[in-house]
Amino acid sequence: MSRPPSPMLSVPEKKTAAAELFRDRHFFGAASFSEIRDARAVVAVPNPQAQPPASRRALLLRYHRLLFSARDDPCAFDETLSFAWHDAFRPHLKHAAASLRFEKAALVFNVGAAASRIAAAVSRATEEGVRAACGEFQRAAGAFRAVGEMMEEEEATTVDMSSQASAMLERLMLAQAQECCFERALAAGRSPPVCSKVARQAALYYEEAYAALVAPPLQNHFERSWVSHVQLKAALFNAEACYRYSIELHGKTEIGEEISRLQVGIKALVDAKRTARGAPGPLYDYAFRLEQDMNKSMETAKEENYRVYLFRIPAAESLASLPAASLVRSASLSEILDPKTESSTQSP
């Protein structure tokens with residue numbers, strides 16, 4: 001049974017307060033001061049989500065380039081100028097710092113957020129769309145990883161820019177990029193073992209993101225719908241991995257293990273559906289259809305085993321871990337900030 005592409009998560013942008021750039025002698029003395037001032041004013045709009053994400057990214061990249069052209073010496077920064085940014089997920093929380101590194105890291109965060117919005121909005125009904133979404137998710141993953149690295153020397157920040165949040169967001173974006181690869185593998189008619197490996201890696205990425213979401217300091221920081229979305233996706237792709245692997249097992253008449261793998265996948269779906277509250281409806285529809293397919297396969301396998309093979313069904317605990325294959329990577333910071341890549345996408 002065919003299943004439509006599932007919904008993806010995108011990251012909201014951080015909002016910022018106006019900054020009096022003239023208070024810093026380096027900015028005020030720069031030949032491009034008026035351009036820098038105007039570029040930051042454009043970035044500091046009250047509702048950045050209302051602008052098309054591709055346009056937002058272009059504005060963010062322009063301001064970032066202007067910052068580098070005027071100032072790249074945080075040690076000589078004038079402490080009379082402070083940059084204030086709100087938490088992307090809890091906007092009532094904010095952090096202000098007289099740090100150019102903090103300003104640049106917040107910009108890179110928003111570049112990643114814009115990339116995630118572009119990717120989530122792409123129609124994945126065609127191979128071209130899947131490729132485009134996959135590339136943007138990899139760009140977003142690289143941006144969030146870079147934020148974590150840039151903030152290592154900062155004494156304090158909002159939770160969304162912590163090392164834990166940066167790592168979680170990178171894993172989440174890689175999971176969604178890997179999911180795109182799974183969709184491509186299915187559309188291309190790749191073999192069940194290949195599809196299983198790709199699905200299993202998507203599940204691993206989602207599991208890592210979920211583990212971070214339910215542990216301090218991220219616990220209770222994100223909306224419940226986000227946590228449930230990631231939890232259900234992890235179960236879905238574990239089930240997909242089991243399902244695709246079971247198809248190969250059936251062809252090899254390894255019916256006992258086939259039944260056990262299907263039972264493991266179905267249990268993962270049932271457990272996640274029971275506890276994951278608030279995820280998008282299409283995800284539950286996807287889970288329902290996948291569970292139907294797996295139950296049909298299991299009924300067939302059980303009947304064949306009862307009538308013909310009489311194989312012993314191994315316990316779930318005795319099964320080896322399914323193999324996984326990652327087809328994605330986090331983009332480098334140079335790729336993310338290069339204006340030449342603005343209209344291009346990456347492929348895995």
Side-chain angles (χ1 to χ4, degrees), residues 1-6 171 174-175 178-179 181-211 214 228-277 279 283-328:
M1 183 184 296
S2 62
R3 292 179 285 278
S6 65
R171 278 324 196 209
L174 287 175
Q178 183 79 8
E179 181 175 345
C181 293
F182 176 73
E183 293 171 356
R184 287 174 57 191
L186 286 184
R190 301 298 296 273
S191 67
V194 168
C195 292
S196 176
K197 289 179 182 179
V198 179
R200 176 58 182 152
Q201 184 61 58
L204 290 173
Y205 284 140
Y206 277 119
E207 286 174 354
E208 291 171 355
Y210 177 70
V214 297
S228 294
H229 183 116
V230 176
Q231 179 188 6
L232 192 50
K233 279 288 184 82
L236 282 173
F237 282 96
N238 269 319
E240 283 280 17
C242 290
Y243 179 46
R244 306 295 162 181
Y245 195 76
S246 72
I247 294 173
E248 177 74 4
L249 291 171
H250 192 87
K252 295 179 177 179
T253 65
E254 296 178 14
I255 308 301
E257 184 179 349
E258 175 194 2
I259 294 171
S260 187
R261 294 286 183 186
L262 289 169
Q263 288 173 338
V264 169
I266 292 170
K267 185 179 185 302
L269 284 178
V270 172
D271 290 347
K273 285 193 301 178
R274 186 178 66 251
T275 58
R277 304 296 182 190
L283 276 189
Y284 294 106
D285 294 340
Y286 188 117
F288 175 75
R289 295 186 185 188
L290 177 56
E291 189 179 348
Q292 277 189 320
D293 290 349
M294 295 180 77
N295 276 317
K296 287 179 181 177
S297 294
M298 190 161 66
E299 288 173 10
T300 300
K302 281 185 173 181
E303 184 174 353
E304 289 183 7
N305 195 45
Y306 176 75
R307 293 181 178 276
V308 181
Y309 301 110
L310 300 177
F311 288 136
R312 182 183 64 85
I313 300 173
E317 299 77 21
S318 68
L319 298 175
S321 298
L322 289 177
S326 178
L327 303 180
V328 298

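For this chain, numbers begin at 1 and follow the sequence in order.
Taking NE2 from His250 and CD1 from Ile259, the interatomic distance works out to 10.0 Å, rounded to the nearest 0.5 Å. With rounding to the nearest 0.5 angstrom, the SG atom of Cys242 is 11.5 Å from the CD1 atom of Ile247. Here the OG1 atom belonging to Thr253 is positioned 10.5 Å from the CG atom belonging to Asn305, to the nearest 0.5 angstrom. Put simply, CG on Leu174 and CG on Leu327 are 11.5 Å apart, with the number rounded to the nearest 0.5 Å.
By the salt bridge (charged side-chain N to carboxylate O under 4.0 Å, His left out) test, Glu258 pairs with no residue at all, sequence neighbours left out. Glu299 meets the side-chain contact (heavy atoms from CB on, under 4.5 Å) test with no other residue; sequence neighbours excluded. Contacts of Phe182 classified as ring-ring contact (aromatic ring centres under 6.0 Å, His included), with partners at least two apart in sequence or in another chain: Phe237. Checked against side-chain contact (heavy atoms from CB on, under 4.5 Å), Ser318 has the following partners two or more places apart in sequence or in another chain: Pro314, Ala315. By the side chain to side chain donor-acceptor pair (under 3.5 Å) test, Ser297 pairs with no residue at all, sequence neighbours left out. Evaluation of the side chain to side chain donor-acceptor pair (under 3.5 Å) rule for Gln178 yields no partner, not counting sequence neighbours. When the side chain to side chain donor-acceptor pair (under 3.5 Å) test is applied to Thr275, the partners found at least two apart in sequence or on another chain are Gln231. Legend: residues meeting side chain to side chain donor-acceptor pair (under 3.5 Å) with Glu208, ordered by chain and number and at least two apart, are Arg171.
Ala239 approaches Met294 most closely through the heavy-atom pair O-CE, 3.6 Å. Pairing each heavy atom of Ser260 with each of Leu319, the nearest pair is OG-CD1, 3.3 Å. Shortest non-hydrogen contact noted between Val230 and Ala209 is CG1-CB, 4.0 Å. Of all non-hydrogen atoms in Ile255 and Ala301, the two that sit nearest each other are CG2-O, 3.5 Å. The two residues Ala324 and Leu204 make their nearest non-hydrogen contact at CB-CD1, 3.9 Å.
Applying the side-chain hydrogen bond (donor to acceptor under 3.5 Å, both in side chains) rule to pairs touching residues 306-317 yields Glu303-Arg307, sequence neighbours excluded. For the ring-ring contact (aromatic ring centres under 6.0 Å, His included) condition, no pair includes a residue of residues 284-305, sequence neighbours left out.
Distance alone, capped at 3.5 Å, places no donor-acceptor pair between the Ser228 side chain and the Ala279 backbone.
Side-chain contact between Leu236 and Leu283 is present, with at least one heavy-atom pair separated by less than 4.5 Å. Taking 4.5 Å as the limit, every side-chain heavy atom of Ser6 sits out of range of all side-chain heavy atoms of His229. Looking at heavy atoms from C-beta onward, Val328 lies in side-chain contact with Tyr205 at the 4.5 angstrom threshold.
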Donor-acceptor contacts, no H, no angles, side chain residues 186-203, under 3.5 Å, sequence neighbours left out:
unit_1, atom_1, unit_2, atom_2, d
Ser196, OG, Ala241, O, 2.8
Arg200, NH1, Asn238, OD1, 2.4

Give the table of side-chain donor-acceptor pairs shorter than 3.5 Å for residues 261-269, with sequence neighbours excluded, one pair per line with atom names and distance.
unit_1, atom_1, unit_2, atom_2, d
Arg261, NE, Glu257, OE2, 3.1
Arg261, NH1, Ala320, O, 3.0
Arg261, NH2, Glu257, OE2, 3.1
Arg261, NH2, Ala320, O, 2.9
Lys267, NZ, Asp271, OD2, 2.7

